[in-house]
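Quick caveat: nothing in here was measured; it's all calculated off a predicted structure.
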Amino acid sequence: MTRTDTALQELESKIGQEIGVSNWIEIRQELIDSFADVTRDHQWIHLDPEKAAKETPYGGTIAHGFLTLSLCSRFAYDVIEPMDGERMAINYGFNKLRFLSPVPCGSRLRGRFRLRNAVRKSDAGILRTLALSVEVEGGDTPALVAEWLGLIVFD
C-alpha cells in the first residue's frame with residue numbers, strides 16, 4: 001500500500017467532520033488600505049471612513065471581499081496539519097464561493113473548516129475538498145462560504 005493509499009483512507013474516514021477553527025484576525029483599516037494598494041482597488045467604501053459612515057449602512061468602511069478570501073490561506077495554516085509523506089499542498093481552486101455579509105473595519109474573522117471529500121487524482125496526489133466558512137465575531141451570517149479544493153502531493 002502506497003503513502004497516497006494510506007492518506008486517502010485516513011481522509012475518507014474523516015469526511016463530514018470538522019477539521020478545525022482558526023485563530024481570529026482583526027480587520028484594521030491599515031490592512032484594508034494595504035490590500036487596496038496591492039490590488040489597486042481604491043473604492044471609497046473600503047478607504048474613506050467618514051463617507052462610509054454617512055453613506056452606507058455599515059457605520060464605516062468594510063473590507064474587500066477578496067481581502068477576506070485571501071485571509072483563508074492564513075486560516076488554513078492555523079488548522080490543517082501536513083499529512084505523513086506530504087511533499088506539498090497546492091491551491092486547486094473553488095467549486096463554490098459566496099460573499100454573504102460585509103466585514104466592517106474593526107471586526108474579527110476566523111475560518112471554520114470541514115472535510116467534504118477526498119479523491120485520488122494521481123499515484124502521488126489526492127484532491128481534498130473543504131467546506132469553509134469565514135465567521136465574523138458576533139455575526140449571525142458568515143462573511144464567506146466556499147467549497148475549496150486543494151491538491152495534496154506525496155513523495
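- In this structure, Val134 is a member of the same hydrophobic cluster as Leu31, with clusters built from ILVMFWY side-chain heavy atoms closer than 4.5 Å.
- Atom CD of Glu26 is separated from atom CZ of Arg108 by 7.5 Å, given to the nearest 0.5 angstrom.
- No side-chain heavy atom of Ile126 sits less than 4.5 Å from a side-chain heavy atom of Lys121.
- For Asp155, the CG atom sits in a packed shell: over 12 heavy atoms of surrounding residues, nucleotides or ligands are nearer than 6.0 Å.
- Surrounding OH of Tyr92 are at most 12 heavy atoms belonging to other residues, nucleotides or ligands under 6.0 Å away.
- Interatomic distance, Lys51 NZ to Thr61 OG1, rounded to the nearest 0.5 Å: 13.5 Å.
- Interatomic distance, Arg114 CZ to Gln17 CD, rounded to the nearest 0.5 Å: 9.0 Å.
- Note that CZ of Arg3 is 9.5 Å distant from CD1 of Ile152, once rounded to the nearest 0.5 Å.
- In plain terms, the two heavy atoms of Ser107 and Pro104 that are nearest each other are OG-O, 2.6 Å.
- A side-chain donor from one of Trp148 and Asn91 sits under 3.5 Å from a side-chain acceptor of the other.
- By the 30° and 60° cut-offs, the orientation of the rings of Phe66 relative to Phe99 is perpendicular.
- Under the 3.5 Å distance criterion, the side-chain polar atoms of Ser101 are matched with a main-chain donor or acceptor of Pro142.
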- Where do Arg112 and Glu135 land on the salt bridge (charged side-chain N to carboxylate O under 4.0 Å, His left out) test, with the steps shown first? CA-CA 7 Å; Arg112 183 176 299 274; Glu135 302 172 344; 2.6 Å; yes
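- The shortest distance between side-chain heavy atoms of Ser133 and Leu144 does not fall below 4.5 Å.
- Leu127 and Leu130 sit in two unconnected hydrophobic clusters of ILVMFWY residues. Membership requires side-chain heavy atoms under 4.5 Å apart, directly or through other members.
- Under a 4.0 Å N-O distance rule, the pair Arg116/Glu147 qualifies as a salt bridge.
- Transitive grouping of hydrophobic side chains (ILVMFWY, heavy atoms separated by less than 4.5 Å) brings Met88 and Leu149 into a common cluster.
- Remark: Arg28 does not engage Glu30 in a salt bridge, criterion side-chain N to carboxylate O under 4.0 Å.
- What you find for Ala118 and Leu11 is that their closest heavy atoms are CB-CB, 3.7 Å.
- Between Phe75 and the choices Ile25, Asn23, Val21, the side-chain contact (heavy atoms from CB on, under 4.5 Å) rule is met once, by Ile25.
- Residues Ile80 and Arg128 form a side-chain contact, since some pair of their non-hydrogen atoms from C-beta on lies under 4.5 Å apart.
- Minimum interatomic distance between Ala52 and Ile45 (heavy atoms only, all atoms of both residues): CB-O, 4.2 Å.
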- Before giving the answer on side-chain contact (heavy atoms from CB on, under 4.5 Å), spell out for Asp78 and Arg110 the whole-Å C-alpha distance, their side-chain angles and the decisive distance to 0.1 Å. CA-CA 10 Å; Asp78 288 347; Arg110 70 179 178 186; over 6 Å; no
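- Among all heavy-atom pairs drawn from Ala146 and Leu97, the shortest one is CB-CD1, 3.7 Å.
- Looking at Asp41, its side chain never comes within 3.5 Å of a backbone N or O of Ala36 through a donor-acceptor pair.
- A heavy-atom distance below 4.5 Å is not found between the side chains of Thr4 and Asp123.
- The shortest side-chain heavy-atom distance between Leu69 and Phe94 falls under the 4.5 Å cut-off.
- Cluster annotation: Leu47 is connected to Leu67 through the hydrophobic network of ILVMFWY side chains, with a link wherever side-chain heavy atoms come within less than 4.5 Å.
- Within 6.0 Å of CD on Glu50 lie no more than 12 heavy atoms contributed by other residues, nucleotides or ligands.
- Remark: the His46 side chain and the Asp33 side chain contain no N/O donor-acceptor pair separated by less than 3.5 Å.
- The backbone N or O of Met83 sits less than 3.5 Å from a side-chain atom of Glu86, completing a donor-acceptor pair.
- Closest approach of Ala143 and Thr68 over heavy atoms only: CB-CG2, 4.3 Å.
- Note on Ile62 and Trp44: same hydrophobic cluster, where clusters join Ile, Leu, Val, Met, Phe, Trp and Tyr whose side-chain heavy atoms are under 4.5 Å apart, directly or indirectly.
- Within the 4.5 Å cutoff, the side chain of Ile27 has heavy atoms near those of the Leu71 side chain.
- Note that CD1 of Ile15 and CG of Asn117 are 5.0 Å apart. Values are rounded to the nearest 0.5 Å.
- The CZ atom of Phe35 sits 6.0 Å away from atom NE2 of His64, with the distance rounded to the nearest 0.5 Å.
- Residues Phe113 and Glu18 have side chains not in contact (no heavy-atom distance under 4.5 Å, counting atoms from C-beta outward).
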- Message: As a quick check of understanding, evaluate side-chain contact (heavy atoms from CB on, under 4.5 Å) for Leu132 and Val145, giving each step before the final call.
- Response: CA-CA 6 Å; Leu132 166 64; Val145 293; over 6 Å; no
